[in-house]
2 protein chains.
Amino acid sequence: MKVGGDLAGQLGYQVQLVHPMAHEAARAALEHLDITPARATALLLIRANPGCSQSALGGALNVNRSSAMKIVDLLEGRGLIRRAPSADPRAHALELTSKGEQFAADVDVALEENERRFFGVLSAAERKSLLEMLQRLHQRAP
Amino acid sequence: MKVGGDLAGQLGYQVQLVHPMAHEAARAALEHLDITPARATALLLIRANPGCSQSALGGALNVNRSSAMKIVDLLEGRGLIRRAPSADPRAHALELTSKGEQFAADVDVALEENERRFFGVLSAAERKSLLEMLQRLHQRAP
DNA sequence: TATTGTTATACTCTATAACTATA
DNA sequence: TATAGTTATAGAGTATAACAATA
């Protein structure tokens, strides 16, 4: 299949192509831990923000409260996080269990190895440049 | 929400962040045409590959035959493409109708404007560099 | 046997809306 | 009144499996 000249030169289309490949690579890299990239991301976000609420987590994951709850349910069901009491009794303070800390360390290793493998076709300078550009793209004001 | 140092520095995570933003931008840019980015992509791929089969289209879209058929059903139902007879009587030869040609031109305009808006935070040289890197990432052998 | 299109079915992810309990 | 969490329900997108027609 050819790609029309218009499409092939568009960054939006290239992002559209690269994303599922990167997602599949991450999925495969995490398969032995039986966790999806989205849930692994949630775990690492909770580790970086101990005591955060489910709503805040949902905001960072770009999902609503209802969807965030399902992710939290799953991670809690596996004993990786706990819903600790919060200063605001309406909310939960999410935090990793010791099992979750160990698991998150395993996730780190798997993702770092995947990072090297998937983006290895780029030089170190290119990876740095790409990282900077992607950060700029999503950090700008909407 | 903070992002753990491990996560923030990973290209995979940055792609994971930028993709939904780019998708949302494309969705909004195409909203007045009442078509989703995936279906618009299918239309442009058929235009670039007149006479292609549904299976070939599905391959380019990374979906299976069943899902490709639903997309083709929708585009045909809107009168944008037709299922023409193919040399292989098992297959259909997909092609744009004249209405589809006009519509695809509108899609071109919308996507080009979106491209300028969304990636406008990058300089022309950066956009060129980013395009080249993304192409290299998905063109490599699996 | 393998492939194209088709159909029916199921699964995953996410969203919406309504409810409760707090603030 | 506004917010956090919860629950039930619905939708979109995709996958699987089986089938008919044809290679």
Side-chain angles (χ1 to χ4, degrees), chain A residues 1 16-17 19-21 23-24 26-28 30-31 34-43 45-46 49-78 81-95, chain B residues 1 16-17 19-21 23-24 26-28 30-31 34-43 45-46 49-78 81-95:
Chain A
M1 289 281 279
Q16 195 180 340
L17 284 178
H19 177 260
M21 289 183 62
H23 185 270
E24 166 56 24
R27 189 205 59 73
L30 292 168
E31 193 169 27
D34 191 29
I35 196 167
T36 63
R39 289 163 189 166
T41 301
L43 186 72
L45 283 172
I46 295 169
N49 301 273
C52 71
S53 70
Q54 293 182 184
S55 293
L57 178 65
L61 292 172
N62 272 310
V63 298
N64 65 10
R65 290 174 294 156
S66 177
S67 299
M69 213 203 65
K70 290 196 176 180
I71 296 172
V72 168
D73 276 352
L74 188 136
L75 294 176
E76 192 185 40
R78 288 181 58 171
I81 65 171
R82 74 173 66 88
R83 286 170 159 115
S86 164
D88 182 340
R90 291 175 304 179
H92 296 146
L94 303 179
E95 54 188 40
Chain B
M1 290 278 281
Q16 196 180 340
L17 284 178
H19 177 261
M21 290 182 64
H23 185 270
E24 167 56 23
R27 189 207 59 73
L30 293 168
E31 193 170 27
D34 191 29
I35 195 166
T36 63
R39 287 163 190 165
T41 301
L43 186 72
L45 283 172
I46 294 170
N49 300 272
C52 71
S53 70
Q54 294 183 185
S55 292
L57 178 65
L61 292 172
N62 272 312
V63 298
N64 66 12
R65 290 174 293 156
S66 177
S67 300
M69 214 202 65
K70 290 196 177 180
I71 296 172
V72 168
D73 277 351
L74 188 136
L75 294 177
E76 191 185 39
R78 288 182 58 172
I81 65 170
R82 73 172 67 88
R83 286 169 158 116
S86 165
D88 182 338
R90 291 174 304 180
H92 295 145
L94 303 178
E95 54 188 37

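Source: prediction; values computed, not measured.
For B:R27 and D:dA12, the CZ to P distance is 14 Å, given to the nearest whole Å. The distance between atom NE2 of B:H23 and atom P of D:dA12, rounded to the nearest whole Å, is 14 Å. Distance CG (A:D88) to C1' (C:dT20): 14 Å, rounded to an integer number of Å. The separation between B:R65 atom CZ and D:dT14 atom C1' is 14 Å, rounded to whole Å. Distance A:L74 CG to D:dT6 P: 14 Å, rounded to the nearest Å. Going from atom CD1 of B:I71 over to atom C1' of C:dG5 covers 15 Å, rounded to whole Å. Distance, B:L57 CG to C:dT3 C1': 17 Å, rounded to whole Å. In this structure, CD of B:E24 is placed 14 Å from C1' of C:dT14, rounded to the nearest angstrom.
At least one donor-acceptor pair closer than 3.5 Å links the side chain of A:N64 to the backbone N or O of A:S67.
Side-chain nitrogen and oxygen atoms of A:S55 include at least one within less than 4.0 Å of the OP1 or OP2 phosphate oxygen of D:dG5. At D:dA15, one or more side-chain N or O atoms of B:S67 fall inside 4.0 Å of OP1 or OP2 (strictly under the cut-off). Listed pair B:Q54 / C:dT6 meets the phosphate criterion, a side-chain N or O lying under 4.0 Å from OP1 or OP2. Under 4.0 angstrom from either OP1 or OP2 of C:dT4 there lies no side-chain N or O belonging to B:R83. In this structure, A:N64 reaches the C:dA15 phosphate: one of its side-chain N or O atoms is under 4.0 Å from OP1 or OP2.
Among the protein residues, B:S66 comes within range of the nucleic acid bases, having at least one heavy atom under 4.0 Å from a base atom.
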Checklist line | CA sep, side-chain torsions, deciding dist, call: B:R83, B:D73, salt bridge (Lys or Arg N to Asp or Glu O under 4.0 Å) | finding: CA-CA 9 Å; B:R83 286 169 158 116; B:D73 277 351; 2.9 Å; yes
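With distances taken from any side-chain atom of A:R39 to the nucleotides C:dA15, C:dC13, D:dA15, the minimum falls on C:dC13. Of the candidate nucleotides D:dG13, D:dG5, C:dG5, D:dG13 has the atom nearest to the side chain of B:T36.
Comparing B:M69 and A:R90 against DNA chain C, the residue whose closest nucleotide sits nearer the 5' end is B:M69. Positionally, the nearest nucleotide of DNA chain D for A:A93 lies more toward the 5' end than for the other of A:K70 and A:A93. Both A:L61 and A:P89 lie close to DNA chain C; mapped to their nearest nucleotides by heavy-atom distance, the more 5′-ward contact belongs to A:L61.
The shortest non-hydrogen separation linking A:A93 to A:S86 is N-CB, 3.9 Å.
No side-chain heavy atom of B:H92 sits less than 4.5 Å from a side-chain heavy atom of B:V72.
Each of B:E76, B:R39, B:Q54 was checked for a side chain to side chain contact (heavy atoms under 4.5 Å, CB included) with B:I71, and the lone residue meeting it is B:R39.
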